[in-house]
*Asks:* 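Here it is, the structure, as structure tokens.
Note that these values count all heavy atoms, side chains included, but never hydrogens, waters or copies made by symmetry.
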2 protein chains.
Amino acid sequence: MKRSRKAADTSTPAKIDIRSVASLARVSIATVSRTINHVPTVDPILAARVWKAVRELNYFPNTQARALVSGKSRLLGLIVSEITNPFFPELIQEFEHAAVAHGYEILLGSTNYEPKTMELCSRRMIERMVDGVAIMTFGIEDFLLDRFTADNIPFVFIDPAPSRPLNSVLAVDYRAGIYEGVQHLAVLGHRDIGFISGPLNRRSAQSRKAAFLSCLESTGIKANHDWLIEGTHTLDGGRDAMRHILALPNWPTAIMCSNDMTAIGVQHALFEANLKVPSDFSLIGFDDIHLAEYTIPPLTTIRMSCKDLANKAIENLLSRLNPPEGQGEDATTITTRLIARQTTGFPRNTLQDLKQTPARKPQSR
Amino acid sequence: MKRSRKAADTSTPAKIDIRSVASLARVSIATVSRTINHVPTVDPILAARVWKAVRELNYFPNTQARALVSGKSRLLGLIVSEITNPFFPELIQEFEHAAVAHGYEILLGSTNYEPKTMELCSRRMIERMVDGVAIMTFGIEDFLLDRFTADNIPFVFIDPAPSRPLNSVLAVDYRAGIYEGVQHLAVLGHRDIGFISGPLNRRSAQSRKAAFLSCLESTGIKANHDWLIEGTHTLDGGRDAMRHILALPNWPTAIMCSNDMTAIGVQHALFEANLKVPSDFSLIGFDDIHLAEYTIPPLTTIRMSCKDLANKAIENLLSRLNPPEGQGEDATTITTRLIARQTTGFPRNTLQDLKQTPARKPQSR
DNA sequence: CTGAAAGCGCTAACAA
DNA sequence: TTGTTAGCGCTTTCAG
């Protein structure tokens, strides 16, 4: 008998809607609506009555109904490529946090790099009438953007198709960090640097690789194309790519990776081959996921702040939903920088560690 | 001029609703509704016309409206403790996949172990009128469950409060895997086994620890309480706990951890201390996150299938939403098992590796 | 400043 | 089998 405080003895739990509040507060439902939406012109007396009723009834407005009439779902789409890559959860967390702080909910879509899934995701987002979408897939088919454009849904994404002169771009300055990385390696004496990229059909992977190549050139190092391997941005991809490199007659002395997971895969391949980091190979990752600090040895990597990314994305979206006074049309930039930890050192066979047994395969050039 | 194909020349993009479809198909809106909801009694001729119109108009139903009238949001809540722990993304992925496959969307909430955040999460879920909630936080305040009960929202969770004799329990058989782990260690010759638990205010952490203790006893090994450390289920927690153990006068020869992240933290602490796994310490994790295979050396751990977990959770929820014929009221069980990789070996100072320099601290007992 | 009333897009009786 | 109609819970004119 203690379970219902309002429902008297009808066994149904007495649904509380705006009308219940109105009648308890002895006002019209319009006034209730205005009150809870903080319309300033409500008589404080009535407002007080309304709030009291709201509290007593433990009322909260039905989001569906609100969304229906207002046309706004207060839902933000977040499309990521692969939730299993730790970079994304970190991003999602920030994203969720920022969204909730602004009274939005997030709808998560994970594409797993499959265009079909991506297609489905977009559709889900549109069906749910998200108010905006952040596309964090590091590469998206152009035509999918059109879809959102057509539905007039604001979106942000990383690494624009050059054909998109929109204000919805989160430009990542890959070069800054990668340049630091290459310099770092060069200073240590490395001249033979390999690069394991992400899948090259993705723009971000291309950008990173291009940045690497360009930085190499700026540094006066010649690229060896045998050491430019296409990975998958996954552990397995990194491991396989490194195995591939180890099967080559010539080895580089350092490896840069397009993301941290790849680098961890590389560490694994090296471990399998009984090779040591950094004495046999120097290694640099990209992203600076939380885990990078905890690999053995801790991974030198290039940090891209996902907190930044998330916040800027939300900011961008929200500012377009509720356009403020100044219409900032500029693309936002996310920067990157080197975090030096312990996977980088002098090249093997260098004076500094001649006492060490060199790697099993002789280095020839 | 090429941008609108349907909107003629009114600049608004011509919203497509059920009425547009109805008139194009020359039927009533009710027929459209029935058709798209696959009500079997629709004349195939009309249905065909409807589908044609749907396609031509590229119509899709407004979820909000549907939800409003039907009272079902087709949203499933998923509350996790910490999205940053790789176990959860793996779970989320499975969960999302399963949900979408059934036409549901998921609403993600991350509590970060803070009751206040948890409170907020529940509220968000209720406000959005989720049709069901999976609480994967490994420990939840009882009163929060009441909230869902009161709103008549089905929920599932792990490791019940004993006071909840509901059919909404996903019981995890921690003991199975942990027993295998302890046995494995015992067979190798370990008698001095430490355990780094999760936060003991969480039920799952308690369960795992209890299971460990009980398995130790079954195996005839005496527990040393100095080696029972409370961690945090995070990298840092594991590292700190291991540092703590290393500061002790007596060391165990093997460590079991309440989750993989903790174990990775332990590996890190050992690396710092220049101690080797498994020659100086054997190490076993728990969860078998994807990454475990890629630590150096690869982590021996106890697998709890999150795919299983996700699927069973969804299954449970859905079966309660659309009750089938047979009303299975039984709690589902998730089992666990040992995955032996390379972080376990003979105890140090054992015949098998006497040639190795022993750990710096002498083992005394 | 407040209330009455008209929908938002859809589903579900109910009639035909 | 189909169409008509009454809402779902809320916001928002529009009078008062």
*Asks:* Take atom CZ of B:Arg19 and atom P of C:dC10, then tell me their distance rounded to the nearest Å.
*Replies:* 8 Å
*Asks:* What integer distance in Å separates B:Gln64:CD from C:dC10:C1'?
*Replies:* 12 Å
*Asks:* Can you measure B:Ile29 atom CD1 to D:dG3 atom P for me and round it to whole angstrom units?
*Replies:* 11 Å
*Asks:* Expressed in angstrom and rounded to an integer, what is the separation of B:Met129 atom CE from D:dC10 atom P?
*Replies:* 9 Å
*Asks:* Looking at C:dT11, D:dG3, C:dC10, which one has an atom nearest to any side-chain atom of B:Val27?
*Replies:* D:dG3
*Asks:* Take atom CD1 of B:Ile36 and atom P of C:dA12, then tell me their distance rounded to the nearest Å.
*Replies:* 11 Å
*Asks:* Looking at B:Met125 and B:Gly109, what are the two nearest heavy atoms and their distance?
*Replies:* CE-N, 3.8 Å
*Asks:* Return the minimal non-hydrogen interatomic distance between A:Leu108 and B:Leu108, and the atom names on each side.
*Replies:* CD2-CD2, 4.3 Å
*Asks:* Any side-chain to backbone donor/acceptor pair from A:Thr31 onto A:Val27? Under 3.5 Å, distance only.
*Replies:* no
*Asks:* For C:dT11, take OP1 and OP2 only and decide whether either is under 4.0 Å from a side-chain N or O of B:Ser33.
*Replies:* yes
*Asks:* Think A:Asn62 has a side-chain N or O under 4.0 angstrom from the OP1 or OP2 of D:dC8?
*Replies:* no
*Asks:* Quick check: on DNA chain D, is the nucleotide nearest B:Arg26 upstream (toward 5') of the one nearest A:Thr63, or the reverse? Name the residue that is more 5'.
*Replies:* B:Arg26
*Asks:* Send over the distance from B:Asp17 CG to C:dG9 C1', rounded to a whole Å.
*Replies:* 7 Å
*Asks:* In whole angstrom, give the distance that lies between atom NE2 of A:His38 and atom C1' of D:dT11.
*Replies:* 16 Å
*Asks:* What is the distance, rounded to the nearest whole Å, between atom CZ of B:Arg34 and atom C1' of D:dT1?
*Replies:* 8 Å
*Asks:* Which sits closer to the 5' end of DNA chain D, B:Pro44 or B:Leu68, going by the nucleotide each is nearest to?
*Replies:* B:Pro44
*Asks:* Given 3.5 Å as the limit, does a donor-acceptor pair link the side chain of B:Arg49 with the main chain of B:Arg26, or not?
*Replies:* yes
*Asks:* Using a heavy-atom cut-off of 4.0 Å across all strands, would you classify A:Val32 as base, sugar-phosphate, or nothing?
*Replies:* nothing
*Asks:* Looking at A:Thr31, does any N or O in its side chain come under 4.0 Å of the phosphate oxygens OP1/OP2 on C:dG3?
*Replies:* yes
*Asks:* Is B:Arg66 close enough to C:dC10 that one of its side-chain N or O atoms is under 4.0 Å from OP1 or OP2 there?
*Replies:* no
*Asks:* With respect to the side chain of A:Thr41, which nucleotide from D:dT4, C:dG3, C:dC1 is positioned closest?
*Replies:* C:dC1
*Asks:* If you only use heavy atoms from C-beta on, which nucleotide in D:dC10, C:dG3, C:dC10 is closest to the side chain of A:Pro61?
*Replies:* D:dC10
*Asks:* Heavy atoms, side chains only, cut-off 4.5 Å: are B:Val130 and B:Val133 in contact?
*Replies:* yes
